[in-house]
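Each remark here refers to the structure printed beneath this line.
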Amino acid sequence: MAPEAPTRDRPIVRSRAALLVIDVQNGSCNPTHATTQPEFHAAATTRVIPNIARLLAAFRAAHLEVIHTVIENFTHDGRDRSLDYKLCNFFYAKGSWEARPLPEAAPVNDEILLPKTSSSVFNSTMLDYLLRNIGIEDVFVVGFLTDQCVDHAVKDGADRGYYMNCVHDACMAETDARHVAALECFQGYCRMLDTDTVLRLVATA
């Protein structure tokens, strides 16, 4: 008898699911973006961040794991950054305001915060090691930017054997067109869900 085929349509099981909040920090979204990136800023402040706050409240109330990442150099001169970040002159100084999580999505209590120095959280942090130690199988991804760090997290997590879930209305790219294009690109690597659907899954955990 053939084994039952795996499926992404899975319930949330306590101690097996985590919310991964990617780069929701001052450097990624702040008042200057209202002028420099108005489309991004409007979506981030009116849709994405409020949805992330709702998801955080639900995961915390259900005693589910929450893990945060921020882009932040490990060294003051940034020598530890990825080559790509150096080529792009992407520099968030250690301990800087830019590297600090937004208050609406900041870690609380014993939640894990991982600084990273590349687009892929799996490449430049010990996330894979932590998820396996904790026993996580299902990862729900939110944050910035859909076509960059979120894209990497979804694809790299899928390749490492996790059931990846993208909460598409809790992510954003610099423009809506880039956001939609990214979702279409990596949808084969994950389950696409909206915030309300995830909240219902959490409620039955």
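Note that this is a predicted model, so its numbers are computed, not measured. Numbering starts at 1 and runs along the sequence shown.
When side chains are defined from C-beta on, L199 counts as touching R54, because their heavy atoms get closer than 4.5 Å. Between R178 and T146 there is no side-chain heavy-atom pair separated by less than 4.5 Å. You'll find the side chain of F144 stays beyond 4.5 Å of the side chain of C171, heavy atoms only. Residues R60 and E65 form no side-chain contact, since every pair of their non-hydrogen atoms from C-beta on lies 4.5 Å or further apart. Residues Y85 and K116 are in side-chain contact: their nearest non-hydrogen atoms beyond the backbone lie under 4.5 Å apart. Put simply, the side chain of Y189 does not reach to within 4.5 Å of the side chain of M164, judged on heavy atoms. Residues E174 and L145 are in side-chain contact: their nearest non-hydrogen atoms beyond the backbone lie under 4.5 Å apart. A 4.5 Å side-chain heavy-atom check between L131 and F122 finds at least one atom pair inside the cut-off.
Summarising the geometry of Y92 relative to S28, their closest heavy-atom pair is OH-N, 4.0 Å, with the distance given to 0.1 Å. Across every non-hydrogen atom of V24 and G143, the tightest pair is CG2-CA, 3.9 Å. Residues N73 and A93 share a closest heavy-atom pair of ND2-CA, 3.9 Å. When all heavy atoms of F140 and A17 are compared, the pair lying nearest together is CE1-CB, 4.2 Å. Pairing each heavy atom of A62 with each of V202, the nearest pair is CB-CG1, 3.8 Å. Residue A106 comes nearest to P101 through the heavy atom pair CA-CB, 3.9 Å, listed as atom of the first residue, atom of the second, then distance.
The CG atom of L83 sits 11.5 Å away from the OG atom of S118 when rounded to the nearest 0.5 Å. Here L56 contributes atom CG and L64 contributes atom CG; the two are 11.5 Å apart, rounded to the nearest 0.5 Å. To the nearest 0.5 Å, atoms CD1 (I67) and CD1 (I136) are separated by 6.5 Å. Of the inter-residue distances, the one linking R100 atom CZ with L113 atom CG reads 12.0 Å to the nearest 0.5 angstrom. Here NE2 of H179 is found 6.0 Å from CG of D176. Values are rounded to the nearest 0.5 Å. In this structure, T46 OG1 and M172 CE are separated by 9.0 Å, a value rounded to the nearest 0.5 Å.
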Using side chain to side chain contact (heavy atoms under 4.5 Å, CB included), reason through F91 and R81 one step at a time and then give a plain yes or no. CA-CA 8 Å; F91 186 101; R81 291 172 297 158; 3.7 Å; yes
May I have the step-by-step check of side chain to side chain contact (heavy atoms under 4.5 Å, CB included) for V167 and D194, ending in yes or no? CA-CA 5 Å; V167 191; D194 61 21; 5.8 Å; no
Report the C-alpha distance between V121 and C149 in whole Å, list the side-chain angles of each, state the deciding distance to 0.1 Å, and finish with yes or no for side chain to side chain contact (heavy atoms under 4.5 Å, CB included). CA-CA 7 Å; V121 63; C149 298; over 6 Å; no
Determine whether C166 and L193 satisfy the following criterion, side chain to side chain contact (heavy atoms under 4.5 Å, CB included), listing intermediate values before the conclusion. CA-CA 6 Å; C166 176; L193 301 169; over 6 Å; no
Give the intermediate values and the outcome of salt bridge (Lys or Arg N to Asp or Glu O under 4.0 Å) for residues K155 and D159. CA-CA 6 Å; K155 291 178 179 177; D159 277 351; over 6 Å; no
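Side chains of R191 and N165: a donor on one and an acceptor on the other come within 3.5 Å. With hydrogens and angles left out, the side-chain atoms of D23 and T69 include a donor and acceptor closer than 3.5 Å. Defined by atom type and a distance below 3.5 Å, a donor-acceptor pair is present between the side-chain atoms of N30 and T32. Using modelled atom types, one finds a donor on one side chain and an acceptor on the other under 3.5 Å when comparing D128 with Y162.
Within 6.0 Å of NZ in K86 there are more than 12 heavy atoms belonging to other residues, nucleotides or ligands. For D77, the CG atom sits in a packed shell: over 12 heavy atoms of surrounding residues, nucleotides or ligands are nearer than 6.0 Å.
Distance alone, capped at 3.5 Å, is enough to place a donor-acceptor pair between the D169 side chain and the T195 backbone. Judged by distance alone, the side chain of E104 and the main-chain N or O of P50 form no donor-acceptor pair under 3.5 Å. Within the 3.5 Å criterion, the main-chain N or O of T75 finds a donor-acceptor partner in the side chain of D80. Between the side chain of E72 and the main chain of G95, a donor-acceptor pair closer than 3.5 Å is present. A donor-acceptor pair under 3.5 Å is absent between the side-chain atoms of H63 and the main chain of S15, judged by distance alone.
Taking hydrophobic clusters as Ile, Leu, Val, Met, Phe, Trp and Tyr residues chained together by side-chain heavy-atom distances below 4.5 Å, V108 does not share a cluster with V21. V198 and V66 fall within the same hydrophobic cluster, where Ile, Leu, Val, Met, Phe, Trp and Tyr residues are linked whenever their side-chain heavy atoms come under 4.5 Å apart, directly or through other members. The hydrophobic cluster containing L19 does not contain V141, counting ILVMFWY residues as joined when their side-chain heavy atoms lie under 4.5 angstrom apart, directly or transitively. Under the 4.5 Å side-chain heavy-atom criterion for grouping Ile, Leu, Val, Met, Phe, Trp and Tyr, L114 is connected to I134 within one hydrophobic cluster. Linking ILVMFWY residues whenever their side-chain heavy atoms come closer than 4.5 Å, directly or via other members, places L20 and M126 in the same cluster.
A cation-pi contact, defined as under 6.0 Å to the ring centre and within 45° of the axis, links R10 to Y163.
Under the 4.0 Å criterion applied to side-chain N and carboxylate O atoms, D138 and R16 are not assigned as salt-bridge partners.
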